[in-house]
Structures are given as C-alpha cells and as structure tokens.
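Everything on this sheet refers to the single structure shown next.
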Amino acid sequence: MNVNLQSLRSLQRLCGAGWRRLSSMQGGSMNVFDRRMKRKQKKWASSLPDSAKYDYLKNEVGGRLADRIYDVSRTFPLALDVGCGKSHIAEYLSKDVVGRLFLTDISDSSLRKNKDCEIPTHSVQADEEFLPFKENTFDLVFSSMSMHWINDLPGALRQIHQVLKPDGVFIGAMLGGDTLYELRCSLQLAELEREGGFAPHISPYTAVTDLGNLLGQAGFNMLTVDVDEVQVHYPCILEVMTDLQGMGESNCAWNRKSLLHRDTILSAAAIYKEMYGSEDGSVPATFQILYTIGWKPHKSQAKPAKRGSANVSFADLSKTG
Amino acid sequence: MPGSNVWTRSRARMRLFPEMFAQCSAEAASYGKCVAATTTGKQELTKNMCAKEFEALKSCFQSAMKKVAK
C-alpha cells in the first residue's frame, strides 16, 4: 500500500488544529482515533449503574433521526443501525416502517444493554469500517452519533453504499465542526495562561462542507445535508466533562493529552463561566449535529435532463405577466 | 476496584469541585474578565498574564476546600 508520508504528517498537524480534512492520499487511510480505546470507553460507560441518565443527547438525536426516517414515504423490510450504542433510534421506530433491524456496534457491552423496541432485532458486534454484510442487502442504513469516531470515513461510507440495495437510503447523524466550541476555547485559553501552550483536548470533527463531498465520492446521489444545534446547560465545566465521559464520548484521538492540571481545570472553569455563562449561572455546551440523507443510485430515480432536450425557452419568461 | 484507593479518593474530591467553585464566583469572574480582555485586545495571551487574579481564585478555592475537610 503506497502511503504518502508527507501528506500524512501535514494532515496530522491539521488534525491537531481541530479540523478533519478530506483524505486525498493514495492507498492508506488516516489513523486519527484509537478504536480500541473507544471500545473500552463505551464499555466503561455502559457498565455504569446510572448510565441511563447520560442518554439524553443520544435519545434526542435518535428521535430526530427517526423523524427523518418517517419522512421518507417508504417501508424498509431490512434495516441496519451502524454504531448503535445502546440503540437510541429503534425505540422510536414502528413495525410498519421497518421490518427487521440489525444493530451493530464496536462494543458488545453496549449492545447487550440495548433498549427494547417492537421491531425484531439482531445484534452484531462489528467495527463501522469493516461491515460483515454482503452487497445489496439492506433497504435502509442509519447511523447516529458514531460517525465522528470513524478513522476512514470515506471507506466506511463506501462500505455502507455497498451493503445498500439499489434505491436504498442512508440516513446519518454525526457531530460537526462547531460542537463543544465553548469547552475547546476555554481549555485553550486556560492552558495558554497557566502553562504557556495548549494541546488538543477535543477530538476533530468533520465540516459541513466536507460531508457533502464525502457522500458524493462514496457514490450516493440526491444528497441532503442539514445542520441542527442542540444546546445543553450545565452548572459548570466539570459537569460537562463528566457527562461527556458518561455518554462514552471521551476523546480517543491518538494526539490527545492524557493529563489536565488542576490549576488548568480551575482556570478553565472560571473562563467558561465568564465568557459563555448565562444569567442564571449555568454554562451552555453546544452540540452541532449534521444530518444527512443519501440514496444509492437506481434507474427509477430522477436524473438531470439531457442537454438540448428543452422545449421551452427562458426568454419566454419575460413574455408572461 | 472495591475499597478506598487513590482513584476513589481523588474522584471523591473532584465531585466537590462544582460546590467549591460556586463559592468563589467573584474571584472567578475577575479572573475570567482578565483573560477575556486579552481575546479582544491587541495583546496575545501569554503565560501568567493574569497570575494575580488566578492566585486570588486559587486561595479562595483552597480555603473553601479546607472548610469542607474539617
């Protein structure tokens, strides 16, 4: 496999700045996240006795994703949930829309704790980048709040495209560029003031503009991408961090700094409250969710008209009215 | 790991953080304003630029923790 080392290093530097760029490298894929660590974090989070109290964000995003599934006026006999965690979407779906559901996640302990739903489900432990399914199997693939931890996002999207039947649809929700910008800025300023330099503590996210390109390159058409913001208020920075940990969303990027000095935590708490706090003393944390819908090409889908096939002229517009 | 070890003790201490922090809101606000001022001004934020305000915040926080430890 030919990996261009120079572009790999420059991409890693860009990742350190907090953005993911499209991988334009020949052969090998980016390795930004430690997948084994992510599995351990999800396992720890699902083993907490009160893990249900951290599910609010994933349940909310799951509900909004289920709305988008209902908006598509079709029924799906066979569906796949990629990176389902404890399955936050299936509980909102009904048997008339989805016939059978396959749940996959990298962590088996999360799968074991999945929520009840009325659709018959099968759980498969699988990494999102190595889907163990045959081509042209599923009518619907959806993924909520797990794509922002995938290393090779173009490859994963290509695999989703493969396992979909022609005229199948992929509906995804992932965290986007502006997520947790308050936390990121507070930590950066605190580390600058206290330690003289800063390290990345928040994992890099995909930009809205890149997502459309990624799906197009994977072979999807009739794309829609829309952005939603969820703001959650917390008492102070420490609750933000413990809730993120409890959700299983701790950082697992290779370039993360594993230490946060107590002076830095104190300083970041003060900066967060001063710069972003609201009147009632709480601090907001923003989650920017990118929803996307893409279809696998099929001859029944509308195509752009051929050149020269027009039978009315734009000039006629001026003659009306 | 059952029983008391360094991890359970340090996690227990961290759980007190939000309460203690809430008691030092004045010092926190002045420190926060000092740092926020550098983001809008022409000066870059350098190490220990707001050291005085931070020392005030830290001593307030430490005395709050001592009161709880009693």
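Only the backbone of A:E195 has a heavy atom closer than 4.5 Å to any heavy atom of chain B. Only the side chain of A:E239 comes within less than 4.5 Å of a heavy atom of chain B; its backbone N, CA, C and O stay farther away. Residue contact with chain A, scored on non-hydrogen atoms closer than 4.5 Å, is absent for B:M20. Contact of A:L266 with chain B is made through backbone and side chain together, with heavy-atom distances under 4.5 Å. Residue B:A22: no heavy atom, backbone or side chain, is found under 4.5 Å from chain A.
Annotation: maximal heavy-atom pairing with chain A below 4.5 Å, among B:T38, B:N48, B:T46, B:T39, occurs at B:N48. Per-residue heavy-atom pair counts under 4.5 Å with chain A were compared for B:A36, B:S25, B:A28, and the maximum is reached by B:A28. The candidate from B:M49, B:E27, B:K33 with the greatest count of non-hydrogen atom pairs under 4.5 Å with chain A is B:K33. By number of non-hydrogen pairs under 4.5 angstrom with chain B, the leading residue of A:L189, A:I237, A:D263 is A:D263.
Comment: A:R112 engages A:D108 in a salt bridge, judged by a side-chain N to carboxylate O separation of less than 4.0 angstrom. For the pair A:R35 and A:E128, the salt-bridge criterion is met [side-chain N within less than 4.0 Å of a carboxylate O].
Between A:T242 and A:Y54 the shortest heavy-atom distance is O-CE2, 4.0 Å.
A:T179 places a side-chain N or O within donor-acceptor distance of the main-chain N or O of A:Q288, the cut-off being under 3.5 Å.
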Open item on the list: What verdict does the salt bridge (charged side-chain N to carboxylate O under 4.0 Å, His left out) test give for A:E249 and A:K42, after you've listed the backbone C-alpha separation in whole Å, the side-chain angles of each residue and the deciding distance to 0.1 Å?
Closed with: CA-CA 8 Å; A:E249 296 291 308; A:K42 283 191 161 180; 6.0 Å; no
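Annotation: cation-pi geometry satisfied between A:R194 and B:F54 (NZ/CZ under 6.0 angstrom from ring centroid, within 45° of ring axis).
In this pair, A:Y234 and A:Y56 present their aromatic rings tilted. The plane angle is within the 30 to 60° band.
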